[in-house]
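On a predicted model such as this, the values are computed, not experimentally measured, just so you know. The residues of the chain are indexed from 1 along the displayed sequence.
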Amino acid sequence: MNAVEIEGVSQHYGAMTVLHDLNLCLGEGEVLGLFGHNGAGKTTSMKLILGLLQASRGRVQVLGRNPSDAQVRRQLGYLPENVTFYAQLSGHETLCHFARLKGAALNQVDALLEQVGLAAAMHRRVKTYSKGMRQRLGLAQALLGAPRLLLLDEPTVGLDPIATQDLYQLIDRLRQQGTSIILCSHVLPGVEAHINRAAILANGRLQAVGSLSSLREDAGLPALIRASGLQHSEQLLQRWHGEGHKARTIGADGIEVVAINGHKLDLLRQLLGDGQAQDIDIHQPSLEDLYRYYMDKARTTQAAEGVA
């Protein structure tokens with residue numbers, strides 16, 4: 001059973017359509033990165049999963065049930081982009097309050113505050129917390145009751161680099177324990193190592209979904225191969241230019257070549273054989289590169305439809 005199934009969903013606000021025939025699923029123990037510009041439909045998709053909105057058309061199922069089912073909601077965790085708490089309560093009091101609302105055991109509160117790095121500040125009032133500390137308190141709130149499905153909307157907002165890495169390590173552990181996670185973020189560097197698949201939305205339409213390797217193959221974006229310590233760099237450069245490859249020298253004994261899909265292994269063999277390279281780096285298209293590609297493709301499609 002998938003943790004989330006969205007089939008043929010469109011969402012209308014009056015005359016405006018914010019989601020167009022969305023089909024998306026999330027497997028058990030999978031981390032899905034949900035990416036898109038402001039207004040792309042990410043928040044609407046989250047609200048549909050949380051049962052805060054009823055789809056105008058199509059079907060949404062969460063943990064095999066209707067999202068508004070009380071049994072489902074007890075198994076969800078949600079961290080909104082902008083967290084707000086009662087300023088006069090302490091972090092410990094705040095988490096106890098949310099535990100009672102959710103029907104979660106109070107004896108997990110101290111452990112969760114320790115887990116997110118707030119143990120030393122748990123008895124301070126929330127009004128004294130920095131933005132990053134409030135964000136970590138929000139994460140602890142989302143983890144109450146050991147949810148089967150966790151929705152994280154911009155979870156790294158306000159976090160320093162170390163806290164961000166701690167968050168991603170926590171996501172990795174939760175995935176290994178079988179928690180299903182949807183992660184929305186505008187901060188793409190650093191995300192790709194911690195997601196199983198990426199879904200890219202633009203203008204309410206799903207532009208692409210899949211593993212990063214499958215998206216790279218679909219996009220056809222080239223990899224960059226950089227080699228140093230070459231014995232015959234000029235000969236390789238002349239050969240590759242003759243074959244139509246884009247390549248350039250780097251320093252006295254290095255080459256950078258653009259490797260289009262289907263040519264990477266052949267180029268590597270030449271570098272290791274004829275070139276006798278001492279060191280090779282392969283730079284695959286990043287999640288940021290893929291995001292830009294699909295956003296540009298969506299803009300081109302939208303412009304063409306506007307002209308038509």
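Sorted by first and then second residue, the side chain to side chain donor-acceptor pair (under 3.5 Å) pairs with a member in residues 183-192 read Asn38-His186; sequence neighbours excluded. Within the structure, every pair that satisfies the salt bridge (Lys or Arg N to Asp or Glu O under 4.0 Å) test and touches residues 125-151, not counting sequence neighbours, is listed here: Glu28-Arg148. For residues 80-111, the set of pairs meeting the ring-ring contact (aromatic ring centres under 6.0 Å, His included) definition, not counting sequence neighbours, comprises Phe85-Phe98, Tyr86-His97, His92-His123.
Scanning both residues, Ala199 and Val209, for their nearest heavy atoms gives CB-CG2, 4.0 Å. In plain terms, the two heavy atoms of Leu149 and Val62 that are nearest each other are CD2-CG1, 3.6 Å. Shortest non-hydrogen contact noted between Ala55 and Gly58 is CB-O, 4.4 Å. Between Asn203 and His37, the shortest heavy-atom contact is N-NE2, 3.2 Å. Across all non-hydrogen atoms, the minimal contact from Asp160 to Ala163 is OD1-N, 2.7 Å. In terms of heavy atoms, Ala223 sits closest to Pro285 at CA-CD, 4.3 Å.
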Before you tell me yes or no, could you show the steps for Ile6 and Leu48 under side-chain contact (heavy atoms from CB on, under 4.5 Å), namely the whole-Å CA-CA distance, both residues' side-chain angles and the distance that decides it to 0.1 Å? CA-CA 9 Å; Ile6 299 175; Leu48 288 166; 5.7 Å; no
Could you please spell out the steps behind the side-chain contact (heavy atoms from CB on, under 4.5 Å) verdict for Ile225 and Ile280? CA-CA 7 Å; Ile225 300 176; Ile280 294 178; 4.0 Å; yes
Before you tell me yes or no, could you show the steps for Ser211 and Arg216 under side-chain contact (heavy atoms from CB on, under 4.5 Å), namely the whole-Å CA-CA distance, both residues' side-chain angles and the distance that decides it to 0.1 Å? CA-CA 9 Å; Ser211 65; Arg216 289 185 183 112; over 6 Å; no
Could you walk me through whether Asp289 and Arg292 satisfy the salt bridge (Lys or Arg N to Asp or Glu O under 4.0 Å) test, starting with their C-alpha distance in whole Å, then the side-chain angles of each, then the deciding distance to 0.1 Å, before giving a yes or no? CA-CA 5 Å; Asp289 294 328; Arg292 181 179 293 277; over 6 Å; no
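The closest side-chain heavy-atom distance from Lys297 to Gln207 is not below 4.5 Å. Looking at heavy atoms from C-beta onward, Leu183 lies in side-chain contact with Pro155 at the 4.5 angstrom threshold. Residues Ser130 and Gln135 form no side-chain contact, since every pair of their non-hydrogen atoms from C-beta on lies 4.5 Å or further apart. Contact check for Leu215 versus Tyr293: no side-chain heavy atoms found under the 4.5 Å cut-off. A heavy-atom distance below 4.5 Å is found between the side chains of Ser45 and Leu201. Residues Leu151 and Leu76 form no side-chain contact, since every pair of their non-hydrogen atoms from C-beta on lies 4.5 Å or further apart. Put simply, the side chain of Ile200 reaches to within 4.5 Å of the side chain of Met295, judged on heavy atoms. Under the 4.5 Å side-chain criterion, counting only non-hydrogen atoms from C-beta, Cys25 is not in contact with Glu30.
Atom CG of Asp21 is separated from atom CD of Gln11 by 13.0 Å, given to the nearest 0.5 angstrom. A distance of 10.0 Å separates OH in Tyr78 from CG in Leu152, rounded to the nearest 0.5 Å. The CG atom of Leu137 sits 11.0 Å away from the CE atom of Met122 when rounded to the nearest 0.5 Å. With rounding to the nearest 0.5 Å, the separation of CG in Leu224 from CG in Asp281 is 11.0 Å. Distance check, rounded to the nearest 0.5 Å: CZ of Arg173 to CD of Gln115 gives 6.0 Å. Atom CG of Asp153 and atom CG of Leu79 lie 7.5 Å apart (nearest 0.5 Å).
The residues Arg175 and Asp172 are annotated as salt-bridged, a charged nitrogen and a carboxylate oxygen being separated by less than 4.0 angstrom.
Looking at Asn23, its side chain does come within 3.5 Å of a backbone N or O of Gly8 through a donor-acceptor pair. With hydrogens and angles disregarded, no donor-acceptor distance shorter than 3.5 Å links the side chain of Lys102 to the backbone of Gly145. No donor-acceptor pair closer than 3.5 Å links the side chain of Lys42 to the backbone N or O of Leu34. Under the 3.5 Å distance criterion, the side-chain polar atoms of Gln75 are matched with a main-chain donor or acceptor of Gln71. A donor-acceptor contact shorter than 3.5 Å links the side chain of Ser180 to the backbone of Gly27. A donor-acceptor pair under 3.5 Å links the side-chain atoms of Gln141 to the main chain of Gly138, judged by distance alone.
Linking Ile, Leu, Val, Met, Phe, Trp and Tyr residues whenever their side-chain heavy atoms come within less than 4.5 Å leaves Ile195 and Leu32 in two separate clusters. Val109 and Leu143 fall within a single hydrophobic cluster, where Ile, Leu, Val, Met, Phe, Trp and Tyr side chains are chained together by heavy-atom contacts under 4.5 Å. A continuous path of hydrophobic side-chain contacts links Phe35 to Leu221 [ILVMFWY only; heavy atoms under 4.5 Å]. In the hydrophobic cluster analysis, where Ile, Leu, Val, Met, Phe, Trp and Tyr join through side-chain heavy atoms closer than 4.5 angstrom, Val18 is grouped together with Leu206. Transitive grouping of hydrophobic side chains (ILVMFWY, heavy atoms separated by less than 4.5 Å) keeps Leu63 and Leu144 in distinct clusters.
Within 6.0 Å of CZ on Arg226 lie more than 12 heavy atoms contributed by other residues, nucleotides or ligands. Atom CG of Leu101 sits in a crowded spot, with more than 12 heavy atoms from other residues, nucleotides or ligands closer than 6.0 Å.
Side-chain contact annotation: Tyr294 with Asp218, donor-acceptor N/O pair under 3.5 Å present. No side-chain N or O of Ser10 forms a donor-acceptor pair with one of His20 less than 3.5 Å apart.
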